[in-house]
Every structure is written in structure tokens, then in C-alpha cells.
Asks: 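A single structure is presented below for examination.
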4 protein chains.
Amino acid sequence: MGRTQGQEALTGTDERNAARLSARRAQILDAATSVFADLGYHGSRMDDIVRASGLSKGAIYWYFKSKEEIAVELVRQLLHGEEEALASEERAEQDPGARLSAMADDFARSLWENPARAPLALELLSLGQRIPAIKQHFTDYHATYIAALSGLLRAASGGNAPEREITAGALALAAMVDGWALHEALIASPSGRREGLGEAVAILVKGLRSRS
Amino acid sequence: MGRTQGQEALTGTDERNAARLSARRAQILDAATSVFADLGYHGSRMDDIVRASGLSKGAIYWYFKSKEEIAVELVRQLLHGEEEALASEERAEQDPGARLSAMADDFARSLWENPARAPLALELLSLGQRIPAIKQHFTDYHATYIAALSGLLRAASGGNAPEREITAGALALAAMVDGWALHEALIASPSGRREGLGEAVAILVKGLRSRS
Amino acid sequence: MGRTQGQEALTGTDERNAARLSARRAQILDAATSVFADLGYHGSRMDDIVRASGLSKGAIYWYFKSKEEIAVELVRQLLHGEEEALASEERAEQDPGARLSAMADDFARSLWENPARAPLALELLSLGQRIPAIKQHFTDYHATYIAALSGLLRAASGGNAPEREITAGALALAAMVDGWALHEALIASPSGRREGLGEAVAILVKGLRSRS
Amino acid sequence: MGRTQGQEALTGTDERNAARLSARRAQILDAATSVFADLGYHGSRMDDIVRASGLSKGAIYWYFKSKEEIAVELVRQLLHGEEEALASEERAEQDPGARLSAMADDFARSLWENPARAPLALELLSLGQRIPAIKQHFTDYHATYIAALSGLLRAASGGNAPEREITAGALALAAMVDGWALHEALIASPSGRREGLGEAVAILVKGLRSRS
DNA sequence: GATGAATGAGAGTTCATTCAT
DNA sequence: TATGAATGAACTCTCATTCAT
């Protein structure tokens, strides 16, 4: 029992440490999110993150090796979140076409509700050009996303669409969704765009269903 | 006569000056294009552009107010080129669906033939978040592009598609094309993507044509 | 008796404490020796010493007030070791000339056997310029060393050398020995230098003995 | 003639540029000399050199790649100066023994007249442990110095000293001189040391001359 | 028009030291 | 005693921009 207690105590300490560690990292990541969103990656100085996080400069560097590592982690979390949303959508019991619409609507709503999200994502993802770890994260995520879309499209097409058309459709859908967000971030005052995405997805699905 | 000669001489001088001016600007812009493509905007120093252009630092600043102004001009030229391609496509006498396919194919081919183009465009366009002039250029271009696509879609649909669906379709097409380029730039080794875009556009057009 | 026991216990505790204290200090000093030898004083971080010592950062600072204090103590021990070697040499019953040769040979051998010693000593001793305690340690040691050398030279000269020549000889000997080590540390690949020092000392001694 | 003038003009410009370049470098080197002498290499910040030089930080880095490069150049000049002194001493028409004495006296006088010189030299030379270029400079210089001393000793010994004794003597002389400077730098208050060096050299030379 | 030396306000990162636990 | 997370002042070096020539 003494041993068990010892173990518990040890585990307790470890757990508390792990909890503090991730709390601190989250604290820094949150600060970085809002700073990067405001100023952009290159426009943000470490001091801005220091100020926003309420920690000291040394603490930031205790938890992250560099500014770049913060950006990489932010991208990882961003894409991880998307993958989770994707997974929960996939699990839902609905007909595939409806699920695709729901996914598009969810995405459009998240763009709408969090207008800073698309610009931040664009900012971070563009870093992928010079930061291999970011490019890799996106590449992996994209593959997962395409696989999921392909599955839904295959189901939605009633099984009678040729595989290459399904792949093309999945790539098209993914491009459309990300391109939509890109435009959201890049256009001065996007308007009348709110419901568009769901509709656009519907059109694409219709095109896939209809035999030529 | 003296006046005329004077004017002619002056005009001659002006023309020569104007020619030199745009030759120099082009020289700088070319250098900046390759430097930005290699190193990214933030990774490039003015000295890199100086070296690549074969001019002096003072000369660069004689022709451009700042590094930012170079980027803005590069974006302007990039989008101007796209608009011209668009206009020439529109003028072509073909059926609208074929024209859309041709546009998509041209775009896909240009991505294929010039693999540095999409990354560079992404790099420059993301600057739009902090450089209003770039955002404005893109916003204007986008409006033009959507207008053209709407026209083609309206014609392609035989005039019996509701206007809001046409708008949604145009936005979807534009998003898809730019999203395609975005993925081209962001994915480690894009493969089997070459013909996809034309096909994807075809699917979308089919979806627009078919009545539910 | 209770008191006595208490005292004994206390003494026992004290002794154990003192033993642990010096063990810990030695542990730290050993670590610092190898770290400083590898990286130099300014190139070494406290974390390097922490890692090399196997202790925690707090422990290092429990036993030493600062990085500087570690360097000072290292110098103290280094010079203390030299003084002890000197003392044991002096005690030896031999003729003075032979003792000088023996000292030189010992020194040369220690340089040979421990090639990191001269560079480390140079590194630490140069700190004397900015760390008064180190300068003082060296000054004291030097005085002792000169006194010993003078004694040996006086004896070796058969008592008929003028005192000022003896002093000059002692200073010269000391300079030569330390200069030898300096060159050992500063020359890329010292070669054919192994036996040189003994010979050099012999020449100097010969010069002192011979009447002009 | 026009051509000649053009050439002259060009040469004139080049010369003026070269003159300004070395004037600036000297300005920086002078500043660094006094700053390093006061604060030591590691104790000096670039800002100190900036302030002492009267130039801007950018200018320093225009003329020197790094702080380290400044130190290397300082060492190069220091040793170059020694080599020149050596060469001029060698050329002098005197008997070799007298020349050695003169060299020792000169060295002792320069230590006496410029008390900051030995500490600075020690400071810079110790950097050789971590800066290969410095180590190389010293190694080269040392070889030259040993060669010159060997020549003088060979002449002074009347040609009847064995070569290995001459080499040992040269190494001994060099070590003694540098060790002397080392002690000058490292001892709190060197006293009665002024004439010692010349005398010490004389003893050594006497030792070399006398047959055993 | 053209040159390139000069400017100087930062930028990211380091690291000796402290202190709550 | 011992730990290691936290501090923050300093540091070297960068680079867009200017301006005397």
C-alpha cells in the first residue's frame, strides 16, 4: 500500500507537471494566436507574445524553442481541429449528400462566426513555403481530407461514378472549400457570401450524381 | 517650326526617358520576381534584389519607393495578366461550356509549366492582409473575374438557371480554381493533379446545367 | 553525558555534512573542469555544468554563489596543486640543480600527459584580468614560486652569485616555464617540444653558474 | 591624354576609396583596441565599440563581418607589428648577443611604456583557443620568431653549439619573453621587474655559450 | 540619374541568476 | 537541501531606408 501511495504520489506530481506544462503551452499558443491574427507572423515580435501571454520572455523560450516552433504548433492544432470535425461529421448517421452539405455549412458558419480564422489560417499556411514542418502537416491533413471526401462522394454517387471522377470531385471540393476561405481572407469586404458555399457544394454534388 | 521641333525633340526625349524608365522597372521587377520566388517576400533583402537586378541600391529606390511598392506592383502585373487572359478567352467564339473548360485547362497548364507561379502568387497575395493596396487589387480582380464567369455560366445554362445559382456557381468556380492553386503551393508533392482541374470544372458545370 | 552525546551526534552530523558538502563541491568542480576545458569559460553555460555534474541547477547555486566563484575555486585548486608539487620537490634530498631539472621534467610531463591542462589554465588565468580574486591567487602563488626558485638557485650557484642575478634567474625560470605552457596552449600543433623544457632549464642554470 | 586622365581619375577614385576604407577600419580597430583593453573581449559590447569609434553600428558591420573578425584583425596587426620589429632588429649590424639583448630591452621597454599592451595581448591571444584564425596567426608568428632567434643564437654561439641546443635555446627564449609578458599581465603589482628581462636573456645566452 | 557608404531602431535568442515549492 | 520553472536584461547582428557625392 505504501508503494501504491508512492506511485500515486509520483503519478500525481507527474500529472500536475504535465497539466501545468500544457496549460502554459496553451497560454502561449492563445497569446500567439491573437497576436499573429492582429499583426501577422512577420509583423509580430516575440515581445508582443510575451505581453499578450502575461509570461516572461524566458518562459516562452522554456516552452517553445523558437517563434517558428510556435507557428508550427499552431498549424498542427488548427489542422488537428479540422480533422476532428471531419471525423465527427463522418460518424454522423445521415445520407452522404446531406453530410457534405452539413460539412460545408459548418465550415461556412465557422468562417462567418470567426472572421479572423481564415486570415490567420492563410497567414500560417503560407509559412509552409519556407517551413517544411508546416508543409508536411498540411500535406498530411489534405490527404486525410481527400480520403474522407472520396468516401462520402462514393457513397453519395450511389456507387456508379467512375473512381477517377470521384477523386477529381474530392479534389475539387477540397479546393473549393479552401479557395472559399482564401477569398474570404483576401477580399476587402466579402458580401452575400454567407450561404454561397453550401449551395456551391450542392451544385458540385449534383454534377457528380448526374450521368453525362 | 522651332516649336514643333522643340516639341518633337522633347517628346523624343520623353519617350526615350519613359522607355528607359519602364525598362529599368521591368529589370527590377524581374529580379524581384525571382528573388521573391526563391526566398519569399520576408526572406528577401533589398540587397538580394540589388544583386539580382544588376543595378545599384540607389537605383532600386529611385524607381520604387519601397520594398512594399515592388510587391504591390508585382501583384498588379500578375492580376493584370490574368485579366487579359480572361478577356481574350471571353472574346473567343465558342460555346460557353467549352470556353470554361478551355480556361480551366489553360490555368492548369500554366500551373504545370511554371511551378514557381502558385507559390509566388500565394506569397504575394497573403501580403494583402497587411498591405491594403494588394487587397484592393485582388478585390477588383476578383469582381471582374466573377462577372466574367457569371456571364459564361448564364450563357452555358441556356438562360434558365436562377440568378442566385449562377452567382453561387461563379463564386464556386473562382474558389475552386484559386483553391487548386493554393493546394498546388501548399502540398509537398502534388501528383496526379494535372488533369483534375478541367474535369472538376466540367463536373461543376454539369451540376449547374442539370435541373434538380 | 547527554550533552556529550548531543555534541558527538552533532559532530557526527557536522562531519557527515562537511563530507557531503565537499563531495558535492568536488563533483561540481570536476564537471566545471571538463566543461570549461571543452568550451572555455565564456562558452560554457551553467546548464552545461548542471548536465555534466548530474546535479540540479539549484544545487549548483547552493554550493557556489556564481559561475565566477566556480572559476575562482578552480584556480585556487590548480595553484594549490602546483604549490604542493613545489613543496614536495623542495623537500627532496638532492642537489639543487638536479631538483630544478626534475621540476622542469615533471612540468613538461604533466603538460604532455594532460594536454587539456595548459589551455584550461590559460583560460582560467586570463580571467584574472577581470576577476581580482583570481589575480590575487596567481600573485600569491607566483611569489611563493619565485621564493622557492630563488632558494634553489642560490644553493645551485654555490652561494657566489649576486642576489640580483638570482632574482632575475628565478623570474626568468618562472617566466620560461609558464611561457612554455602558454605556447603549448596557443600553437596549433606543437611538436618536438617534449624534452625541450628540461634542456632549456639546464641552459639557464648553466648560465647562472658560469661566472662572466 | 583623355584616356590617361580618365585612368588617373579612376585611379584617383579607387585610391580615395581605398584610403577611406582603411581609415575607417583603423578607426574601428583603434576603438576596439581601447574598449577591449578596458573591458576585455567578452566584457565589451558592440555598442561600446560603436560609441568609442564615433561611427554607427551599421558602419561597424559594413567594415567587419563580426566582433570576432575585429579580434582576429587586431591579433593580425599585433603580431605583424612584432614581426616588423623583429625584422628591423635582425637587419641591424651588431654582434648577435648584443642584438638579443637589444631585442629583450626593447620588449621590456614596450611593456613598461604601454602597460595595457600585455593584458590586451593576453586577452586576444587566449581567444585563439576558440578562434582558429587567431591560433593560426600566432602559430605562424611563433615559427618566424623561433627561426629568427635560432639564427641569432647560432651566430652568437660562434657556430659550435649543437643544433638541438640552439633550437631548445630559441624555444626557451621565446617562452621566457612571452611568459614575462604573461606575468606582467597576471600579477597584481609587478615590481622590480623592469630590467629583469634583459638580464634574464643575458643569462640564457651565457648558458648557451658556455660549453659544459 | 546613380552610387554605395552610412544609419539605427529593432529582431530573435541566450543565459546567469532567483525563488516558490 | 534540492528542484527546475521562471525571469528579464543584454547581446550580436540585420536590413529597409537615406543621402552626400
Side-chain angles (χ1 to χ4, degrees), chain A residues 13 16-17 20-21 23-24 27-28 41-51 53-70, chain B residues 17 20-21 24 41-51 53-70, chain C residues 17 20-21 24 41-51 54-70, chain D residues 13 16-17 20-21 23-24 27-28 42-51 53-70:
Chain A
T13 302
R16 238 170 291 127
N17 286 345
R20 184 167 58 220
L21 188 142
R24 286 285 190 244
Q27 196 176 349
I28 293 166
Y41 177 78
H42 290 104
S44 307
R45 295 161 300 139
M46 284 309 257
D47 276 335
D48 296 322
I49 300 178
V50 166
R51 202 173 310 117
S53 69
L55 293 171
S56 71
K57 197 175 283 194
I60 307 285
Y61 279 92
W62 179 265
Y63 290 100
F64 291 93
K65 214 166 91 284
S66 64
K67 186 183 177 186
E68 183 173 312
E69 207 191 79
I70 294 178
Chain B
N17 285 346
R20 186 169 57 212
L21 188 140
R24 287 277 195 251
Y41 177 79
H42 290 104
S44 307
R45 291 161 304 143
M46 284 308 253
D47 277 336
D48 295 323
I49 300 178
V50 167
R51 202 173 311 118
S53 69
L55 296 171
S56 72
K57 193 175 285 193
I60 305 287
Y61 276 92
W62 180 265
Y63 291 102
F64 289 93
K65 208 165 99 287
S66 65
K67 186 184 177 185
E68 182 173 314
E69 207 191 79
I70 294 177
Chain C
N17 285 346
R20 184 167 59 212
L21 188 140
R24 288 280 195 247
Y41 177 78
H42 290 103
S44 307
R45 292 162 301 143
M46 284 307 252
D47 277 336
D48 295 322
I49 300 178
V50 167
R51 203 173 309 117
L55 295 172
S56 72
K57 193 175 285 193
I60 305 287
Y61 276 91
W62 179 264
Y63 292 102
F64 290 93
K65 208 166 98 284
S66 65
K67 185 184 177 185
E68 184 173 311
E69 207 191 78
I70 294 176
Chain D
T13 302
R16 239 171 290 127
N17 285 345
R20 183 168 57 219
L21 188 142
R24 286 281 191 247
Q27 195 175 350
I28 292 165
H42 290 105
S44 307
R45 294 161 299 138
M46 284 310 255
D47 277 335
D48 295 322
I49 300 179
V50 166
R51 202 174 310 117
S53 70
L55 294 171
S56 69
K57 194 173 290 191
I60 307 284
Y61 278 93
W62 180 266
Y63 290 101
F64 291 93
K65 214 166 89 285
S66 64
K67 186 184 177 185
E68 182 173 313
E69 207 191 78
I70 294 178

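Quick note on labels: first sequence line is chain A, next is B, and so on, each numbered from 1.
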Asks: Please report the shortest heavy-atom distance between D:M46 and D:I60, naming the atom on each side.
Replies: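 D:M46 and D:I60 have their closest heavy atoms at CE-CG2, 3.9 Å.
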Asks: Using atom CZ of A:F64 as one end and atom P of E:dT14 as the other, report the distance to the nearest whole Å.
Replies: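 Roughly 16 Å, once rounded to whole Å.
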Asks: Give the rounded distance in Å between these two atoms: CG of B:D47 and P of F:dT17.
Replies: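 Answer to the nearest Å: 12 Å.
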Asks: Using a cut-off of less than 4.0 Å, is there contact between a side-chain N or O of C:R24 and OP1 or OP2 of F:dA2?
Replies: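 Yes, such a contact exists.
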Asks: Can you identify which nucleotide, out of E:dA16, E:dT14, E:dG8, has its nearest atom closest to the C:M46 side chain?
Replies: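 Of the candidates, E:dA16 comes closest.
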Asks: Is the shortest side-chain heavy-atom distance between C:E68 and C:Y41 below 4.5 Å?
Replies: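 Yes - at least one pair of side-chain heavy atoms lies under 4.5 Å apart.
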Asks: How long is the gap from CG on C:D48 to CZ on C:R45, to the nearest 0.5 Å?
Replies: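 Interatomic distance, C:D48 CG to C:R45 CZ, rounded to 0.5 Å: 4.0 Å.
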Asks: Answer whether the closest heavy-atom distance between the side chains of A:F64 and A:R24 falls below 4.5 Å.
Replies: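 No; the side chains remain at least 4.5 Å from each other.
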Asks: Measuring from the side chain of A:R45 (C-beta onward, heavy atoms only), which nucleotide among E:dG10, F:dA2, F:dA16 has the closest atom?
Replies: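 Nucleotide nearest to A:R45's side chain: E:dG10.
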Asks: Select one nucleotide: of E:dG12, F:dC15, F:dT7, the one nearest the side-chain heavy atoms of A:A59.
Replies: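 Shortest atom-to-atom distance from the side chain points to F:dT7.
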Asks: Grab the stems for DNA chain F, please: at least three consecutive Watson-Crick or wobble pairs, both distances below 3.5 Å, written as range with range.
Replies: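 In DNA chain F, stems of three or more pairs: E:2-21 with F:2-21.
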Asks: Take atom CG of D:N17 and atom P of E:dT3, then tell me their distance rounded to the nearest Å.
Replies: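 Whole-Å distance recorded here is 14 Å.
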Asks: Reckon B:Y63 touches a base, only the sugar-phosphate, or nothing at all at heavy-atom distances under 4.0 Å?
Replies: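 Since only primed, P, OP1 and OP2 atoms lie under 4.0 Å of B:Y63, the category is sugar-phosphate.
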Asks: Counting side-chain heavy atoms from CB outward, which of E:dT18, F:dA2, E:dG1 is closest to B:W62?
Replies: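 So the nucleotide nearest the side chain must be E:dG1.
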Asks: Give the rounded distance in Å between these two atoms: CD1 of A:I60 and P of F:dT7.
Replies: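 Result: 9 Å.
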Asks: Need to verify one output field. Residue with the more 5' nearest nucleotide on DNA chain F, C:L55 or B:K67?
Replies: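 Result: C:L55.
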Asks: If you find the nucleotide of DNA chain F closest to B:Y41 and the one closest to D:E68, which residue's nucleotide is nearer the 5' end?
Replies: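 Its nucleotide being nearer the 5' end, the pick is D:E68.
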Asks: Write down the distance between NE2 (A:H42) and C1' (F:dC15), rounded to a whole number of angstrom.
Replies: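 Atom-to-atom, A:H42 to F:dC15, this comes out as 14 Å.
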Asks: First locate atom CG of C:L55, then atom CH2 of C:W62, and finally report the distance between them rounded to the nearest 0.5 Å.
Replies: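 If we round to the nearest 0.5 Å, C:L55:CG and C:W62:CH2 are 14.0 Å apart.
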Asks: Nearest whole Å is fine: how far is E:dT21 P from A:R20 CZ?
Replies: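 It works out to 9 Å between those atoms.
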Asks: Locate the shortest heavy-atom distance separating A:V50 from A:K57; write the atom from each residue and the value.
Replies: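 In terms of heavy atoms, the two residues are closest at CG2-CA, 3.6 Å.
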Asks: Could you state the interatomic distance from OH (D:Y61) to CD1 (D:I28), rounded to the nearest 0.5 Å?
Replies: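 One gets 11.0 Å once the value is rounded to the nearest 0.5 Å.
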Asks: When the nearest nucleotide of DNA chain E is assigned to B:G58 and to A:Y61 on a heavy-atom basis, which residue is associated with the more 5' position?
Replies: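 Taking each residue's closest nucleotide, the earlier one in sequence belongs to B:G58.
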Asks: What contact category does C:K57 fall into here, base, sugar-phosphate, or nothing, at under 4.0 angstrom with non-hydrogen atoms?
Replies: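 C:K57: base contact, heavy atoms under 4.0 Å.
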Asks: Just the rounded figure in Å: distance from P of E:dG12 to CD1 of A:I70.
Replies: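 Those two atoms, CD1 and P, are 10 Å apart.
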